[in-house]
2 protein chains.
Amino acid sequence: MKEGPDIARIAALIGDPARANMLTALMSGKALTVSELAEEAGITIQTASSHLSKLEGGGLLRPRKQGRHKYFSLANEDVAHALEALMGLAAGAGHLRKRTGPKDAALRKARVCYNHLAGDMGTQMFDALMAQNHIKLQGEDLILTDKGTHFITTLGIDLDSLQAKKTPLCRECLDWSERRSHLAGSLGRALLSHFETLNWAKRDQNTRVVRFSREGLQEFERLFEVDVRRR
Amino acid sequence: MKEGPDIARIAALIGDPARANMLTALMSGKALTVSELAEEAGITIQTASSHLSKLEGGGLLRPRKQGRHKYFSLANEDVAHALEALMGLAAGAGHLRKRTGPKDAALRKARVCYNHLAGDMGTQMFDALMAQNHIKLQGEDLILTDKGTHFITTLGIDLDSLQAKKTPLCRECLDWSERRSHLAGSLGRALLSHFETLNWAKRDQNTRVVRFSREGLQEFERLFEVDVRRR
DNA sequence: TTCATAGTTCGATGTTAATCGAAGCATTGA
DNA sequence: TCAATGCTTCGATTAACATCGAACTATGAA
């Protein structure tokens, strides 16, 4: 009859087979739609919808609407950690699922989305900016931190002129090949054109592919402390 | 409809409020009886018994019979880890419970149990032997490892004569003040008398208290790499 | 506007499982 | 051997909830 943190409530949420399947599917880090998750769990869309709103209410999922789709992803690292711990208990060795994206390798690696960088490198850049605390999520909005402001201006990007425009500075855009977030908004656009003026990257004329030069790739990796080639 | 590790099954086990309360109570590391756990969860003993056998069947608990009591403790570190992860999700800050033992401080610290060392120092010695891989659990039985054999003979204890006896060398005994395991069996007995011959410790005549000398305490701490005084 | 697609809400149904009383079993102590 | 204590098993009851069909809302496309 004692009260600690309400571990039962959230364990019960994970404890339903349908919900557990959805959560496991989301362990890839990618965002999935209601219908995809329904398929994954082997239930109808109505049922899935009900489950998903419970998971969202319990703080396990983060929903994002994009057009007429609703994408769900795990709410944060803690959720993934707890799931992994449970997987470890259930099976011994933890094993994560993989999920394949679209076809063309070059498109998947780096491409233009509207006017900013998308694809694997886009999401990696986004993750790096988050990890290094240059940008952060505040409620629904994405904001540039003080540290991030410093980082951007040091790059030689004129923030003031960006902020003068009425389009939002930072926007989160869901990458449809990676199903993860990348950076949109005027800052996302400015970063891509920054890469172009430095000759780090070139847009392909006919396709949406973005090609990084050898040097550009190295600089990109140094700047964001990532390892693009080893993925 | 996919199959990964069956995370739902075990999450459902944790997901019942009564069971979650029991598990939380066991996070102290101490073993508790069926009736105590029933009390903890606010349910009748029958219901508790049913829950506990499910938890045991799911591999979350380790039962030990001692007389007409049945003690339960968490099965292993992984279980505790998973519970903690869930607690973190549920509340943000993790917080462990405390549970008080019996009264007399000296008795709680070190005493004789049958003929071996019990109390706080007994369980600490046990934990240290386990952590340093001198003894380990093999199925239901406790065995001395090769490393442990070396350790014991180096102390100057005659293992051969111990093994000649028909009483088991290593036995796990549940400490009723600490509600954790300490080392019994002929080895446990030998260790205590070893401490006595070296004048590290003396048994009190009337009570079951074991008193360590200043030097004995230091040697004990060095030997097992623990810090008894700072608990 | 009209149609199609993606999700949500509502209501009815069926299954699961938590709960406890009562009876049974096992261990301990006298 | 008898009584007391600790726990388990059985059976009946009850409450919760997962599930899906059907109707509804919202977004996008023609």
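Chain naming here is simple, since letters A, B, ... match the order of the sequence lines and numbering starts at 1 in each. For the numbers below, each heavy atom of this structure counts, side chains included, while hydrogens, waters and symmetry mates do not. All values reported here derive from a predicted model rather than from experimental measurement.
Inter-residue side-chain proximity for Arg62(A) and Leu137(A) is flagged as met; some heavy-atom pair is nearer than 4.5 Å. Proximity of Leu13(A) to Arg19(A): side-chain heavy atoms (C-beta onward) are separated by under 4.5 Å at one or more points. By the 4.5 Å heavy-atom criterion applied to side chains, Met27(B) and Ile7(A) are not counted as neighbours. Counting heavy atoms from C-beta on, the side chains of Val210(A) and Met121(A) never come closer than 4.5 Å. A heavy-atom distance below 4.5 Å is not found between the side chains of Leu83(B) and Leu26(B).
Ala85(A) is linked by a side-chain contact (heavy atoms from CB on, under 4.5 Å) to His81(B), Ala82(B), Ala85(B), counting only residues two or more places apart in sequence or in another chain.
Summary of helix geometry: the two end axes of the helix from dT1(C)-dA30(D) to dA30(C)-dT1(D), each defined by five base pairs via their C1' atoms, are inclined to each other by 30° (rounded to 10°).
Where Ala18(A) and His69(B) each meet DNA chain D at their nearest nucleotide, the meeting point lying more 5' is that of His69(B). Two residues, Lys65(A) and Lys65(B), neighbour DNA chain D, and the one matched to the more 5' nucleotide by heavy-atom proximity is Lys65(B).
No donor-acceptor pair under 3.5 Å is formed between the side chain of Thr33(A) and the backbone N or O of His69(A).
Gln66(B) places its CD atom 20 Å from the P atom of dT5(D), with the value rounded to the nearest Å. The CD-P distance, from Glu56(A) to dT9(C), rounds to 10 Å in whole Å. Atom pair Asp16(B):CG and dA17(C):P shows a separation of 11 Å (rounding to whole Å applied). Per the geometry, CG belonging to Leu13(A) stands 14 Å off C1' belonging to dA16(D), to the nearest Å. Going from atom CD of Glu39(A) over to atom C1' of dG7(C) covers 16 Å, rounded to whole Å. Atom CZ of Arg64(B) is separated from atom C1' of dG6(D) by 18 Å (rounded to the nearest Å). Separating the CG atom of Leu55(A) from the P atom of dG7(C) is a distance of 16 Å, rounded to the nearest angstrom.
Phosphate contact (OP1/OP2 of dA18(C), side-chain N/O of Arg19(B), threshold under 4.0 Å): present. For dG7(C), one of the phosphate oxygens OP1 or OP2 lies less than 4.0 angstrom from a side-chain nitrogen or oxygen of Ser35(A). In this model, the phosphate group of dT8(D) is approached by a side-chain N or O of Lys70(B) to a distance below 4.0 Å at OP1 or OP2.
Listed nucleotides dT19(D), dC7(D), dT27(D) differ in distance to Arg68(A); the shortest reach to its side chain belongs to dT27(D). Of the candidate nucleotides dG6(D), dA18(C), dC7(D), dC7(D) has the atom nearest to the side chain of Thr33(B). Comparing dT19(D), dA18(C), dC20(C) against the side chain of Thr44(B) picks out dC20(C) as the nearest.
The aromatic rings of Phe195(A) and Phe224(A) lie perpendicular to each other, with more than 60° between the two planes, well past the 30° mark.
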task = Please assess Ile14(B) against Leu60(B) for the test side-chain contact (heavy atoms from CB on, under 4.5 Å), listing each intermediate value before the final yes or no.
result = CA-CA 9 Å; Ile14(B) 307 175; Leu60(B) 298 187; 4.0 Å; yes
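Rounded to the nearest 0.5 Å, atoms CG (Asp6(A)) and CG (Leu86(B)) are 11.0 Å apart.
Near DNA chain D, defined here as any heavy-atom distance below 4.0 Å, the residues from residues 45-54 of chain A are Gln46(A), Thr47(A), His51(A), Lys54(A), listed numerically.
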